[in-house]
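Okay, so here's the structure we're looking at.
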Amino acid sequence: MTNVPLEKLCDYACEDADLTLQLKEHFEPKLKEAKQSAPFEQIECPLIPVLIEMEANGIAFDTEILSEISTKLAIQIDTYKKQIHELAGHEFNINSPKQLGEVLFDEMFLVENPKKTKTGQYQTNEEVLHKLVDDHKIIQIILDYRSATKLKSTYVDALPKEISANTKRIHTTFSQAVTTTGRLASSNPNIQNIPIRTEQGEEIRRAFIPRSGNFTLLAADYSQIELRIMAHLSGDEGMKQAFIDGEDIHTATAARVFGVALNEVTKEQRRRSKMVNFGIIYGISAFGLSQRLRIPKKEATEIIENYFAQYPAVKTFMDNTIATARDKGTVETISGRIRHIRDINSSNQTVRSAAERYAINAPIQGSAADLIKIAMIRIEKMLRGKKTKLLLQVHDELVFDLHTDEQHLITEIQKQMEDAIPLDVPLTVECGTGENWLQAH
DNA sequence: TCTCTGCTCAC
DNA sequence: CAAGTGAGCAGAGAC
């Protein structure tokens, strides 16, 4: 075992349950000797065998469900393609942003001064096309074409190729050391970006199924984990109270920002507040918010000012985090995971502002990663000797093969996730089961 | 075959 | 200039 490169071993382990066990036994004592830092010793090292097991477990996959979708998409794509070529007056490669831009803007003149990319091509992304949707009927068809080809090439046709000949399951690779914040990454295939937002997209999740008739899929999701971490780290009383009272955070935020009662919040107000809440986590600008909400910049500025007036400790937290980054060149998560922030003192405002956004986002996103990793380590320990298996992690969600005789584990898993790190606000986890990943949500 | 670009999927 | 973290696809061009 010692003569084989570790990477290879992990590959083989996916196909070989006995080797997986050997790897786990090999790692655990060695890792205890390593001494570097709390997140390294307490989180990353004990997580290694957990990830090895998840990769080895794999998730069962029903290709037949997808073949139906594939045929449907192929017909749609063909129809769109013909309509687009007809409206354009000639054939061209719609998949080429370069060719598409030339058709729309050099031949059809749909815009006076089209935006260009840094290489001088016309921009044809979703945002640009959406603005033109009422100007010409070709635009909506292009958007539909893009969405259909994306689903077909990236998911419907690609996922079946990833099924292991031995296990008949899909075994992703989790990268533990590629992200700047402490999140995991998933590849070959990436199971962390399986569609869910559109009706046609979410159908793909039906193909992810339990390993046999004695199992169901269990999905356990943290609710609003990043905003709860913001409430905790900032100590903002108003935001904390909203979570303690079990309120819908976007509605509660809207009530405060727009100065109305909770039951008077309109859908539009909630939508705007939701965007602001997300913006806060990412490091917001008035311009960015105005673009996303499609409102004047002045209005966006007003909303942000109201937000900070209502959640003053959030503003203080953001200022303090940036000050620390300037002072020490680093920021930290709850577990002490460090991110170095370069360019925080740059004289170039664009560069400096970007560094400030990284400084604000890293403790939030990284602490969420700490939390779920701790939960994974404890849950894997709890599941030893059980039939239920941990399969996937999608940043704030864990997916399991749940044995039908082990229903009691749902509450145990939920508890482990909610209690991973005690915060000043409650953490809530929603669990669902089903015959596929879509149903489990 | 490799690398870069533009785009789009997720949290 | 302008919202954080990733991965994968097709096109396009260098080699």
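In what follows, chains carry the letters A, B, and so on, assigned in the order in which the sequence lines appear, proteins first and then strands, with residues in each chain numbered from 1.
Aromatic stacking is marked for A:Y282 over C:dG4, as both cut-offs hold: 5.5 Å for the centres and 30° for the planes.
Of the candidates C:dA10, B:dG6, B:dC9, the closest approach to any side-chain atom of A:P97 belongs to B:dG6. For A:S285, whose side chain is taken as the heavy atoms from C-beta onward, the closest listed nucleotide among B:dC9, C:dA7, C:dA3 is C:dA3. Listed nucleotides C:dG6, B:dG6, C:dG13 differ in distance to A:K98; the shortest reach to its side chain belongs to C:dG13. Ranking C:dT5, B:dT5, C:dG11 by closeness to the A:K118 side chain, first place goes to B:dT5. Distance from the side chain of A:M275 is smallest to C:dA3 among C:dG4, C:dA3, C:dG6. For A:T119, taking side-chain heavy atoms from C-beta onward, the closest of the listed nucleotides B:dA10, B:dT5, C:dA3 is B:dT5. Among the nucleotides C:dA10, C:dG4, B:dC11, the one closest to the side chain of A:I196 is B:dC11.
Residue contacts shown for A:F278 include a base, since a base heavy atom lies under 4.0 Å away. Among the protein residues, A:Q349 comes within range of no part of the nucleic acid, since none of its heavy atoms lies under 4.0 Å from any strand. At a threshold of 4.0 angstrom between heavy atoms, the contacts of A:E226 with the nucleic acid are absent. Using a 4.0 Å heavy-atom criterion, one finds that A:A158 contacts the sugar-phosphate atoms exclusively. As judged by a 4.0 angstrom heavy-atom cut-off over every strand, A:T124 is placed among residues touching the sugar-phosphate backbone only. Nucleic acid contact class of A:R339 (heavy atoms, under 4.0 Å, all strands): sugar-phosphate only. Contacts of A:R197 with the nucleic acid, taken as non-hydrogen atoms under 4.0 Å apart, include base atoms. Residue A:G279 is classed as a base contact, given a heavy-atom separation below 4.0 Å to a base. In this structure, A:I194 reaches the sugar-phosphate backbone alone: every heavy-atom distance under 4.0 Å involves primed, P, OP1 or OP2 atoms, never a base. Residue A:Q123 is in sugar-phosphate contact alone, with no base atom involved, counting any heavy-atom pair closer than 4.0 Å across all strands shown.
Taking the charged nitrogens against the carboxylate oxygens, A:E91 and A:K81 have no contact shorter than 4.0 Å, which rules out a salt bridge. Salt bridge status for A:R270 with A:D248: present, with a side-chain N to carboxylate O gap under 4.0 Å. The pair A:E356-A:R326 meets the salt-bridge criterion, with a side-chain N (NZ, NE, NH1 or NH2) lying under 4.0 Å from an Asp/Glu carboxylate O. Electrostatic pairing of A:K152 and A:D157 counts as a salt bridge here, judged by a charged N lying under 4.0 Å from a carboxylate O. Salt-bridge formation is not detected for the pair A:D236/A:K240: no Lys NZ or Arg NE/NH1/NH2 atom is positioned less than 4.0 Å from an Asp or Glu carboxylate oxygen. Ion pairing of A:R272 with A:E299 is present here, as a side-chain N (NZ or NE/NH1/NH2) and a carboxylate O approach within less than 4.0 Å. Ion pairing between A:K72 and A:E68 fails under the 4.0 Å rule for side-chain N and carboxylate O.
Separating the CD atom of A:Q291 from the P atom of C:dC1 is a distance of 12 Å, rounded to the nearest angstrom. The CZ atom of A:R337 sits 20 Å away from the P atom of C:dG4 (whole-angstrom rounding). The distance between atom CD1 of A:I170 and atom C1' of C:dA7, rounded to the nearest whole Å, is 15 Å. If you take CD1 of A:I229 and P of C:dT5, they are 16 Å apart, rounded to a whole angstrom. Protein atom CG of A:L151 is 12 Å distant from nucleotide atom P of B:dT8, rounded to whole Å. A straight line from CG of A:L184 to C1' of C:dA7 spans 14 Å, rounded to a whole angstrom. In this structure, A:I142 atom CD1 and B:dT8 atom C1' are separated by 16 Å, rounded to whole Å. One interatomic measurement links the two molecules: CG of A:L159 to P of C:dA7, which rounds to 16 Å at whole-angstrom precision.
The phosphate of C:dA12 (OP1 or OP2) has a side-chain N or O of A:Q99 nearer than 4.0 angstrom. Between A:S175 and the phosphate of C:dG6, there is no side-chain N or O to OP1/OP2 separation shorter than 4.0 Å. For C:dG8, neither phosphate oxygen OP1 nor OP2 lies less than 4.0 angstrom from any side-chain nitrogen or oxygen of A:T154. An OP1 or OP2 oxygen of B:dC7 is reached within less than 4.0 angstrom by no side-chain nitrogen or oxygen of A:R146. Close to C:dG6, at under 4.0 Å from its OP1 or OP2, lies a side-chain N or O of A:T180. Taking 4.0 angstrom as the limit, A:R357 places none of its side-chain polar atoms (N or O) nearer than this to OP1 or OP2 of C:dA3. Contact between the side-chain N/O atoms of A:R205 and the OP1/OP2 oxygens of B:dA10 is not found at any separation under 4.0 Å. For C:dC1, neither phosphate oxygen OP1 nor OP2 lies less than 4.0 angstrom from any side-chain nitrogen or oxygen of A:S353. The phosphate of C:dA7 has neither OP1 nor OP2 within less than 4.0 Å of any side-chain N or O from A:N193. A close approach under 4.0 Å does not occur between any side-chain nitrogen or oxygen of A:N125 and OP1 or OP2 of B:dG6.
Of the C1' atoms belonging to B:dT8 and C:dC1, the separation is 23 Å, rounded to the nearest Å. Between the P atoms of B:dC4 and C:dA3, the separation comes to 26 Å (whole Å).
Looking at which nucleotide of DNA chain C each of A:Q365 and A:F287 is closest to, the 5′-most match is held by A:F287.
Nearest approach of A:V257 to A:Q310, heavy atoms of both residues: N-CG, 4.2 Å.
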